[in-house]
**Q** 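Input: one structure, supplied below.
First the proteins, then the strands, lettered A, B, ... as listed; each starts at 1. Any value given below was found using the heavy atoms of this structure, including those in side chains, with hydrogens, waters and symmetry copies removed.
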2 protein chains.
Amino acid sequence: MEFTHIFKCLSDVQRLRILNLLSAGPLCVCHIQEILGEGQVKVSKQLRYMKELGVVEATREANWMIYSLPDPRDPLLETNLKYLLAQAGVEPDLLSDLAKRESLLLQAQKRDGGLPVAITCDESCPDEDCC
Amino acid sequence: MEFTHIFKCLSDVQRLRILNLLSAGPLCVCHIQEILGEGQVKVSKQLRYMKELGVVEATREANWMIYSLPDPRDPLLETNLKYLLAQAGVEPDLLSDLAKRESLLLQAQKRDGGLPVAITCDESCPDEDCC
DNA sequence: TTAGAATATTCCAAATTTAGAATATTCCGT
DNA sequence: ACGGAATATTCTAAATTTGGAATATTCTAA
């Protein structure tokens, strides 16, 4: 993955927020939409942009497209995401986005366990008791 | 300075090479031109772009425009520049650019001491015996 | 005040990015 | 096969970025 591609993705607040979410674990498009409060096309296109640059990847799970960060994580991307998240106030949405993500996943699992496993918590989730 | 501005500057190899040079000390446009091997307009425009984003600044010194990184350095920018420079092969030009910079400055000072002080070595230069 | 050096700007065209509306695709359940 | 849910794509238009050629500006030295 080209380092310029990583910087291009990070240079837009919407994309940064998406990457911040994905760094906590895979997510489907509709959840990203709901957390960001943006429309379907807009989110889908940002994901496509980042996918073409190789910064995110996607797999299909029934009706859902599950987006995630490639494994292993690129250290350049990971370092920047951690830095920005740690800086309170740099991008205020990053923290609340993660909170919304957890409540969404919890709520989805309580409502019906039938959601694709990939979007529930997995080993990449830093929060042990998230799910 | 917006963090998105920093990422926009870093997302282009030409701009990254310029920032890498400036992180070693201030430089005038003609030296940047010569090191990068690019034309005047192109370099001037990239500098203007970065100046408008607040990532670099400029002062006039006689006929020369001296570009530099604002002091204090933004940690986000500095960290990324150091990381990329340390990764051999990520952007092969970064190291040789710095070498060219030093030989240019040495050569300029030997030829005539009349060059603007700002583009000779100053306290921001990491190399003690550069000038 | 004039010539020349260093740099910036303007004019113009191509390429990229961004986004909404409408439409299409893919997959599931029935 | 059909309808609906989740997502992608196409069409279209605006905004941004990029770069070259020509020109303008700013300063110095004589």
**Q** Counting only Watson-Crick pairs (N1-N3 plus N6-O4 or O6-N4) and G-U wobbles (N1-O2, O6-N3), all under 3.5 Å, who is the partner of D/dA15?
**A**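 By the stated definition (distances under 3.5 Å), C/dT16 pairs with D/dA15.
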**Q** Roughly, in whole Å, what's the span from CG in A/Leu27 to C1' in D/dA6?
**A**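 Atom CG in A/Leu27 sits about 15 Å away from atom C1' in D/dA6.
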**Q** Any N/O pairs under 3.5 Å between the protein and nucleotides 23-30 of chain C? List them or say none.
**A**
unit_1: C/dC27; atom_1: O2; unit_2: A/Asn63; atom_2: OD1; d: 3.0

**Q** According to the Watson-Crick and G-U wobble definitions, with both distances under 3.5 Å, which nucleotide is paired to D/dT26?
**A**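 The answer is C/dA5, by the H-bond criterion.
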**Q** Taking for each residue the nucleotide of DNA chain C bearing the nearest heavy atom, is the 5' side occupied by B/Val43 or by A/Gln14?
**A**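 Final value for this comparison: B/Val43.
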**Q** Please give, in whole Å, the distance from D/dG19 P to B/Leu36 CG?
**A**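 The distance from CG of B/Leu36 to P of D/dG19 comes to 12 Å, rounded to the nearest Å.
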**Q** Between protein and nucleic acid, restricted to nucleotides 13-17 of chain D and to nitrogen or oxygen atoms under 3.5 Å apart, what atom pairs and distances do you find?
**A**
unit_1: D/dT17; atom_1: OP1; unit_2: B/Lys8; atom_2: NZ; d: 3.2
unit_1: D/dT17; atom_1: OP1; unit_2: B/Tyr49; atom_2: OH; d: 3.4

**Q** Identify the two heavy atoms, one from B/Val55 and one from B/Pro70, that lie closest to each other, and give their separation to 0.1 Å.
**A**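 Distance-wise, the nearest heavy atoms are O-CD, 3.2 Å.
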**Q** Measuring only between side-chain heavy atoms, which start at C-beta, is B/Thr4 closer than 4.5 Å to A/Asp12?
**A**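 With C-beta onward as the side chain, the pair stays apart.
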**Q** For the base of D/dG19, is there a side-chain donor-acceptor partner from B/Lys45 under 3.5 Å away?
**A**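 Per atom types, the contact qualifies.
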**Q** Cluster question for you: counting only ILVMFWY and a side-chain heavy-atom cut-off of under 4.5 Å, with indirect links fine, are B/Val56 and B/Val41 together?
**A**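 No; B/Val41 is not reachable from B/Val56 via cluster members.
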**Q** Please state how far atom CD1 in A/Ile66 lies from atom C1' in D/dA5, giving the value in whole angstrom units.
**A**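 Atom-to-atom, A/Ile66 to D/dA5, this comes out as 14 Å.
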**Q** Given atom CD of B/Glu38 and atom C1' of D/dT18, what is their separation to the nearest angstrom?
**A**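 Checked: the CD to C1' distance equals 12 Å.
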**Q** Please report the shortest heavy-atom distance between B/Tyr83 and A/Leu76, naming the atom on each side.
**A**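 Heavy-atom minimum between the residues: CD2-CD1, 3.6 Å.
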**Q** Minimum heavy-atom separation for B/Ile35 and B/Lys100, please, with both atom names.
**A**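 Where B/Ile35 meets B/Lys100 most closely, the heavy atoms are O-NZ, 3.6 Å.
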**Q** Does a donor on one side chain and an acceptor on the other come within less than 3.5 Å for A/Asn80 and B/Asn80?
**A**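 A donor-acceptor contact under 3.5 Å links the two side chains.
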**Q** Do the non-hydrogen side-chain atoms of B/Trp64 and B/Val29 ever get within less than 4.5 Å of each other?
**A**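 In short, these two side chains do not touch, never coming nearer than 4.5 Å.
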**Q** Does OP1 or OP2 of C/dA19 have a side-chain N or O of A/Gln46 closer than 4.0 Å?
**A**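 A/Gln46 to C/dA19 OP1/OP2: side-chain N or O found under 4.0 Å.
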**Q** Is the number of heavy atoms from other residues, nucleotides or ligands under 6.0 Å of B/Gln87 CD greater than 12?
**A**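 Above 12, so yes.
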**Q** Using a cut-off of 4.0 Å on non-hydrogen atoms, how would the nucleic acid contact of A/Val41 be classed: base, sugar-phosphate, or nothing?
**A**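 Contact class for A/Val41: base.
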**Q** Give me the one residue out of B/Gln33, B/Gln14, B/Gln46 that meets side chain to side chain donor-acceptor pair (under 3.5 Å) with B/Glu38.
**A**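 Of the listed residues B/Gln33, B/Gln14, B/Gln46, the side chain to side chain donor-acceptor pair (under 3.5 Å) partner of B/Glu38 is B/Gln14.
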**Q** Quick one: A/Lys42 NZ to C/dA22 P, roughly how many Å, whole number?
**A**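 Computing the A/Lys42:NZ to C/dA22:P distance gives 18 Å.
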**Q** Could you state the atom-to-atom distance from NE2 of A/His31 to C1' of D/dA6 in whole Å?
**A**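 Nearest whole value for this atom pair: 11 Å.
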